[in-house]
Student: 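What follows is a structure written as structure tokens; I'll ask about it next.
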Amino acid sequence: MDMISGTDDDCSENAESRSKLPSSKYKGVVPQPNGRWGAQIYEKHQRVWLGTFNDQEEAAQVYDIAALRFRGQNAVTNLKTTNDQDYMERLFLTSHSKNEIVDMLRKHTYEHELEQSKQYYAASCHVDLSESNTINPFSEEAREFLFEKVVTPSDVGKLNRMVIPKQQAEKHFAMNPASASKGLLLNFEDELGTVWRLRYCYWSSSQSYVLTKGWSKFVKEKNLKAGDLVCFWRSINMGHAHHSKLHIDCKPGNGSDFEEVQGRVDLLDPVQTGSVVRLFGVNILEKSDRLYCT
DNA sequence: CCTTGTGTTGAG
DNA sequence: TCAACACAAGGG
């Protein structure tokens, strides 16, 4: 019934050393002359070789990982269900360059590195979100911190908008007068690679810059609360000099209500008391440039 | 040697 | 963008 590409039945090794190689049922998986399996993915008219493996499933799995890294969460995969939300793995994938992922796959060290990172995330609670003006040496992209805001009750309320502090808006999101009334549609990518399309416009009545359409969805899905931080940054793709992407990330505030938070002078000064942040379901304490578990 | 993975082509 | 095929490069 289940004749899986006759590894043992159709090519009975006769004098016909030239028999056809068995095809794989998996995408991105190709047979090798010695009976092993190669994995490959194409990008930009070019093949990217992912290595050779003993069995199809292993090769297919490798293809899947590459596909998720190269093409995002909507990639067509063999075995991996894109639904199973492995937060850690997605973060792991998006925080490594394609070359790094490919190297791991070729050297068969991906699973190990992933586990290593999971341990690291859980143990040290380190994450490189919202680090200012830094370049991640493991990424192909340089990141430029723009600004962050502690969201107000009205930002997460029924007004379905977030006010961007005027100074920040004019500095980082310059908008020509023509677009002001209509606004601009901006794409922001979050740390998981999800793209949020937000309308950015100027409200002359209140003389303020705001994110409107799409914002309430962001608030809802990220479960943003007053006092939480929203961070904006820009990545510059080193390969294509002129392409930069906008990014948005958020993290919980320090657990107090917004009113309490407002009363605290040292809210944004981690040196003073350290702020508690929940990451991966763990409360962590932020001190200087490193994060520690509480 | 044997294995990898590139060159290449043609189908979709 | 993809797999099929042939075979040269490369390492032990």
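Protein chains get the first letters and strands the later ones, always in sequence-line order, with residue 1 at the start of each. Computed from a prediction, not measured in an experiment: that's the story for all the values here.
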Student: How long is the line joining OH of A:Y42 and P of B:dT8, in whole Å?
Tutor: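 After rounding, the reported distance stands at 13 Å.
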
Student: Look at the side chain of A:Y26 and the base of C:dA3, then say whether one donor and one acceptor between them are separated by less than 3.5 Å.
Tutor: no

Student: Taking atom P of C:dC7 as reference, at what distance in whole Å does atom CG of A:N34 sit?
Tutor: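 For the pair A:N34 CG and C:dC7 P, the rounded distance is 17 Å.
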
Student: Tell me which one of A:K166, A:E170, A:Q167 satisfies side chain to side chain donor-acceptor pair (under 3.5 Å) with A:Y209.
Tutor: A:E170

Student: Under 6.0 Å from the ring centre and within 45 degrees of the ring axis: does the NZ or CZ of A:K27 meet both conditions for the six-membered ring of A:Y63?
Tutor: no

Student: Provide, to the nearest angstrom, the distance between the OH atom belonging to A:Y63 and the P atom belonging to C:dT1.
Tutor: 10 Å

Student: Please tell me if A:S23 has a side-chain N or O lying less than 4.0 Å from either OP1 or OP2 of C:dA4.
Tutor: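 Yes, such a contact exists.
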
Student: Calculate the interatomic distance between A:K44 atom NZ and C:dC2 atom P; express it in whole Å.
Tutor: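 The distance from NZ of A:K44 to P of C:dC2 comes to 15 Å, rounded to the nearest Å.
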
Student: Identify whether any heavy atom of A:R106 sits under 4.0 Å from a base atom; if not, whether one sits that close to sugar-phosphate; answer base, sugar-phosphate or nothing.
Tutor: nothing

Student: Please state how far atom CG in A:N54 lies from atom P in B:dT3, giving the value in whole angstrom units.
Tutor: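 Spelled out: CG on A:N54 to P on B:dT3 is 11 Å.
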
Student: Taking the side chain of A:R71 as its heavy atoms from C-beta onward, which of B:dG5, C:dC5, C:dT1 lies nearest to it?
Tutor: C:dT1

Student: Would one find a side-chain N or O of A:K27 under 4.0 angstrom from OP1 or OP2 of C:dA3?
Tutor: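 For A:K27, the contact criterion (side-chain N or O under 4.0 Å from OP1 or OP2 of C:dA3) is not met.
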
Student: For A:K20 and C:dC5, give me the distance from atom NZ to atom C1', rounded to whole Å.
Tutor: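 Atom-to-atom, A:K20 to C:dC5, this comes out as 12 Å.
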
Student: Grab the NZ-P distance between A:K107 and B:dG5 for me, whole Å please.
Tutor: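 The answer, rounded to whole Å, is 13 Å.
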
Student: Between A:R47 and A:F53, which is nearer to the 5' end of DNA chain B once each is assigned its nearest nucleotide?
Tutor: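 Checking each residue's closest nucleotide, the 5'-ward one belongs to A:F53.
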
Student: Does A:Q40 have a side-chain nitrogen or oxygen under 4.0 Å from the phosphate oxygens OP1 or OP2 of C:dC2?
Tutor: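 A:Q40 to C:dC2 OP1/OP2: no side-chain N or O under 4.0 Å.
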
Student: If you define the side chain from C-beta out and look only at heavy atoms, does anything of A:K149 sit under 4.5 Å from A:P165?
Tutor: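 Yes, close enough: below the 4.5 Å cut-off.
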
Student: Residues two or more places apart in sequence or in another chain: which of them pass salt bridge (charged side-chain N to carboxylate O under 4.0 Å, His left out) with A:E58?
Tutor: none

Student: Among the nucleotides B:dT6, C:dC2, C:dA4, which one has an atom lying closest to any side-chain atom of A:W49?
Tutor: B:dT6

Student: Select base, sugar-phosphate, or nothing to describe what A:Q32 touches, counting heavy atoms under 4.0 Å on all strands.
Tutor: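 If one applies the 4.0 Å heavy-atom cut-off, A:Q32 turns out to touch a base.
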
Student: What is the separation between atom CD1 on A:I41 and atom P on B:dG5, rounded to the nearest whole Å?
Tutor: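 After rounding, the gap between these two atoms is 16 Å.
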
Student: Assess, by modelled atom type and distance only, whether the side chains of A:W233 and A:D249 contain a donor and an acceptor separated by less than 3.5 Å.
Tutor: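 Yes, because at least one side-chain N or O of A:W233 sits under 3.5 Å from a partner of the opposite role on A:D249.
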
